[in-house]
Amino acid sequence: MSPVERSVEWFVAITAFVIGLSHLLRPKDWAGAFRQLHACGRAGAFVNGGVSLACGAAIVAGHGSWAWPGAVLTGFGWLLAAKGLICFLAPDKALRSMARGGDSPRGFVIGGALLLAIGGGACYCL
């Protein structure tokens, strides 16, 4: 394993655990954040997409393994990059999704659980 791959695994482990716990413990705050981003219109979709694209591109650039279990991290990176692509090229579609997130804090709890699982996968890779 290269040092870059190991760095990406640490990055995913730390960020997935922190954001995942935040989703579980503060879902109403996440819903409020998405409501505010949604209220910004397409600019809010671009902000959401920029964060997703930057993180996804960093993961994909440093972790190209499609062998188990690292494939989970690589796949996660591609999903984040795809989310960024949608936000930038189809911002109205992204805004509809953000509106649903702003209306349903429960979705952030589910997302938090998934992020904790991805963080656990990153730790397993380490």
Side-chain angles (χ1 to χ4, degrees):
M1 172 177 309
S2 76
V4 173
E5 285 179 318
R6 177 139 335 247
S7 295
V8 169
E9 290 166 356
W10 274 109
F11 173 79
V12 172
I14 293 166
T15 58
F17 276 127
V18 171
I19 296 171
L21 280 174
S22 177
H23 273 51
L24 286 174
L25 299 174
R26 307 206 55 90
K28 290 179 183 176
D29 293 336
W30 277 97
F34 269 67
R35 277 192 302 277
Q36 288 195 6
L37 281 172
H38 181 269
C40 292
R42 290 180 175 166
F46 281 12
V47 169
N48 189 23
V51 172
S52 297
L53 181 62
C55 291
I59 293 168
V60 169
H63 202 280
S65 172
W66 285 105
W68 182 261
V72 173
L73 303 183
T74 303
F76 178 60
W78 279 109
L79 287 173
L80 286 173
K83 178 183 172 186
L85 178 83
I86 290 168
C87 288
F88 283 121
L89 300 182
D92 293 330
K93 182 175 185 149
L95 284 169
R96 285 192 297 274
S97 174
M98 292 165 66
R100 284 191 304 274
D103 291 338
S104 176
R106 185 180 346 190
F108 289 102
V109 173
I110 295 166
L114 290 172
L115 282 170
L116 290 176
I118 290 168
C123 287
Y124 181 79
C125 288
L126 287 167

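All values derive from a computational prediction rather than experimental measurement.
- Atom OG of Ser65 is separated from atom CE of Met1 by 7.5 Å, given to the nearest 0.5 angstrom.
- Taken from CG in Leu114 to CZ in Phe76, the straight-line distance is 9.5 Å, to the nearest 0.5 Å.
- Scanning all heavy atoms of the two residues, the minimum distance from Cys87 to Ala45 falls at CB-O, 3.3 Å.
- Closest non-hydrogen pair, Leu95 versus His38, comes out as O-CD2, 3.0 Å.
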Starting from the C-alpha separation in whole Å, work towards a yes-or-no answer on side chain to side chain contact (heavy atoms under 4.5 Å, CB included) for Trp30 and Ile19. CA-CA 10 Å; Trp30 277 97; Ile19 296 171; 4.0 Å; yes
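- Remark: the backbone N or O of Pro3 is paired with a side-chain donor or acceptor of Ser7 at under 3.5 angstrom.
- Closest approach of His63 and Glu5 over heavy atoms only: CD2-O, 3.8 Å.
- With sequence neighbours excluded, the residues forming a side-chain contact (heavy atoms from CB on, under 4.5 Å) with Cys123 are Ala13, Phe17, listed by chain and number.
- Residues forming a salt bridge (Lys or Arg N to Asp or Glu O under 4.0 Å) with Asp29 (at least two apart in sequence, or on another chain): Arg26.
- Side-chain N or O atoms of Arg6 include one that pairs as donor or acceptor with a backbone N or O of Leu126 at under 3.5 Å.
- We find the CD1-CD1 distance between Ile59 and Ile118 to be 8.5 Å, quoted to the nearest 0.5 Å.
- Considering only residues two or more places apart in sequence or on other chains, Arg35 meets the side-chain contact (heavy atoms from CB on, under 4.5 Å) condition with Ala31.
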Using atom types as modelled, flag every donor-acceptor pair under 3.5 Å from a side chain in residues 47-56 to any protein atom, sequence neighbours excluded.
unit_1 : atom_1 : unit_2 : atom_2 : d
Ser52  : OG     : Asn48  : O      : 3.2
Ser52  : OG     : Lys83  : NZ     : 3.4

Please set out all donor-acceptor pairs under 3.5 angstrom arising from side-chain atoms of residues 96-112, sequence neighbours excluded.
none

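- The shortest heavy-atom contact between Ala122 and Val12 is CB-CG1, 3.9 Å.
- Under the 4.5 angstrom side-chain criterion for Ile, Leu, Val, Met, Phe, Trp and Tyr, the cluster partners of Val60 are Trp66, Trp78.
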Using side chain to side chain contact (heavy atoms under 4.5 Å, CB included), reason through Leu24 and Leu116 one step at a time and then give a plain yes or no. CA-CA 9 Å; Leu24 286 174; Leu116 290 176; 3.2 Å; yes
